[in-house]
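Below: the structure, in structure tokens.
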2 protein chains.
Amino acid sequence: MGSVASSGAGGVSRGRVDKRQAILDAAFAVFARRGYEQACVQEIAQEARVAKPTVYSHLNDKETLFRHTIDAAADILMAENLAVVERLRDRAPDDDVRVAFADLAQRLLRICCGERARALRWLTYAQVARFPDLIETVQERTAHRPRAALADRLARLSLAGRLRPCDPEQAAEHFFALLTGPLESRSRLGTRSVPAAELRGMADAAVDAFLRAYGSD
Amino acid sequence: MGSVASSGAGGVSRGRVDKRQAILDAAFAVFARRGYEQACVQEIAQEARVAKPTVYSHLNDKETLFRHTIDAAADILMAENLAVVERLRDRAPDDDVRVAFADLAQRLLRICCGERARALRWLTYAQVARFPDLIETVQERTAHRPRAALADRLARLSLAGRLRPCDPEQAAEHFFALLTGPLESRSRLGTRSVPAAELRGMADAAVDAFLRAYGSD
DNA sequence: ACGCTACTGAACCCATGGGTTCATCCTAAG
DNA sequence: CTTAGGATGAACCCATGGGTTCAGTAGCGT
């Protein structure tokens, strides 16, 4: 996690090491396990091994702190998702489409099950009322952009006759729906950790259904 | 929304009017617009036109109040969902399957878009950390039970050759996923009201995909 | 050596809100 | 009419936590 520089005994890292990053890391951890209102700045400061006024000197207030952590998490998740989708670019044209999709599905599910994704979904949903604009940011990066990237791949596959002619946006939307819908349900909104085998089963079932709906033949 | 219906006959209406129901109605309204932590008991009391101590005399504390309102909302939604699914029992055998499904899909989407469903999803998600057991109750009634009911109908249709042979549970899971996944995305977690035309389009698209994946032919 | 800047810790201010107390009021029952 | 018990409202207690102040301290560049 954070860069916990410093040597042992009585001393804490007094240097100007990047306290800021330590604070943001700690903030995400604390927000993730307590939620926005329940997380107190004091606890975040402790977790970051930093004094409370230091937190306020780097980030103006609790809200700013929250927005930065959410932003950062959304960025990372977007990158992860896009990277997974982009694998299709090289694999799909040559390999069996089903195999490529199954691989994609499993990797996406693993990301969605991860701690970061869980915490982000949870925090975003919980603060819908207080910070409605956050939803735009988060959904844009964790849902719309990856979906658009997938739509690009699907369009190519459709053109190449590997999928039936269709609206790629629609197909991508349904692909994600078939994957994440069951996940939400089976993980009980993230409160239950789904065994790897079940995850694999869900991925395969989703790909099966998707290919029956959108595959060629 | 809340009819203050005092149920004059047979009820155990303590006091003059049924304050208790008024309190629960008000609690749902306030929780729905403020969230759990932001909702203060004072405001609930005002909205119910009741004094704060009266609230505490009927419901022990804020948590009890919350659990009761969530329970009640989940019950109502379950009933609505089950009623819609049960329509298949009479319609599907005779009519065109596609027409019956399209009707089902639209009615389900309308329920999911409703104020009650929106508020319930939001509140449940937001309190995942504080009241993890609530998820069980809510998901059981608003997701699992309706899905099981749909699976029953799909099993019959499959047996009758109107759907391809399949695992009805799986098919039902995918049906709901195709419906609610896109809804979550397009309504921005319920912060944007989706126009009726778009709703209809989503329902039709979901049914199209579902029938390609699970229809007979 | 000097001063600038970041950091610390602890105390402090203050608003919010859960939950309670109490004297009083009002209505339904007898 | 009397009475009992739910209902009232206003004051009250107290814990929590956001945000600030301040005096002191440690490192770094010059």
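Chain A is the first sequence line, chain B the second, and so forth, proteins listed ahead of strands; every chain is numbered from 1. Basis for what follows: all heavy atoms, side chains included, without hydrogens, waters or symmetry-related copies.
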Scan nucleotides 15-19 of chain D against the protein and return all N/O pairs shorter than 3.5 Å with their distances rounded to 0.1 Å.
| residue | atom | partner | partner atom | Å |
| --- | --- | --- | --- | --- |
| D:dG18 | OP1 | A:Ala39 | O | 3.2 |
| D:dG18 | OP1 | A:Lys62 | NZ | 2.8 |
| D:dG18 | OP2 | A:Val41 | N | 2.8 |
| D:dG19 | OP2 | A:Lys62 | N | 3.0 |
| D:dG19 | N7 | A:Lys52 | NZ | 2.9 |
| D:dG19 | O6 | A:Lys52 | NZ | 2.7 |

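Applying the side-chain hydrogen bond (donor to acceptor under 3.5 Å, both in side chains) test to every pair with at least one member in residues 104-114 of chain A, sequence neighbours left out, gives these pairs: A:Asp103-A:Arg107.
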For a quick test of your reading: what N or O donor-acceptor pairs under 3.5 Å do the side chains of residues 45-54 of chain B make, sequence neighbours left out?
| residue | atom | partner | partner atom | Å |
| --- | --- | --- | --- | --- |
| B:Glu47 | OE1 | B:Arg33 | NH2 | 2.8 |
| B:Thr54 | OG1 | B:Ala51 | O | 3.4 |

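Under the salt bridge (charged side-chain N to carboxylate O under 4.0 Å, His left out) criterion, A:Arg188 pairs with B:Glu136, sequence neighbours left out. Shown here are the salt bridge (charged side-chain N to carboxylate O under 4.0 Å, His left out) partners of A:Glu63, two or more places apart in sequence or in another chain: A:Arg67.
Residue A:His58 has no polar side-chain atom (N or O) positioned under 4.0 Å from OP1 or OP2 of C:dA6. Of the side-chain N and O atoms in A:Thr54, one or more sit less than 4.0 angstrom from OP1 or OP2 of C:dT8.
Between B:Arg130 and A:Glu37 there is no salt bridge, since no side-chain N of the basic residue sits under 4.0 Å from a carboxylate O of the acidic one. A salt bridge does not link B:Arg89 with B:Asp152: none of the charged nitrogens is closer than 4.0 Å to a carboxylate oxygen. Between B:Arg147 and B:Glu173 there is no salt bridge, since no side-chain nitrogen of the basic residue lies less than 4.0 Å from a carboxylate oxygen of the acidic one.
Following rounding to the nearest Å, A:Lys19 (NZ) and C:dG9 (C1') show an atom-to-atom distance of 13 Å. Distance, B:Arg49 CZ to D:dG9 P: 12 Å, rounded to whole Å. Here C:dC7 presents its P atom at 14 Å from CD of A:Gln21, a figure rounded to the nearest Å.
The C1' atoms of five pairs define one axis at each end of the helix from C:dA1-D:dT30 to C:dG30-D:dC1, and these two axes lie 10° apart (to 10°).
Here CG of A:Leu189 is found 5.0 Å from CD of B:Gln139. Values are rounded to the nearest 0.5 Å.
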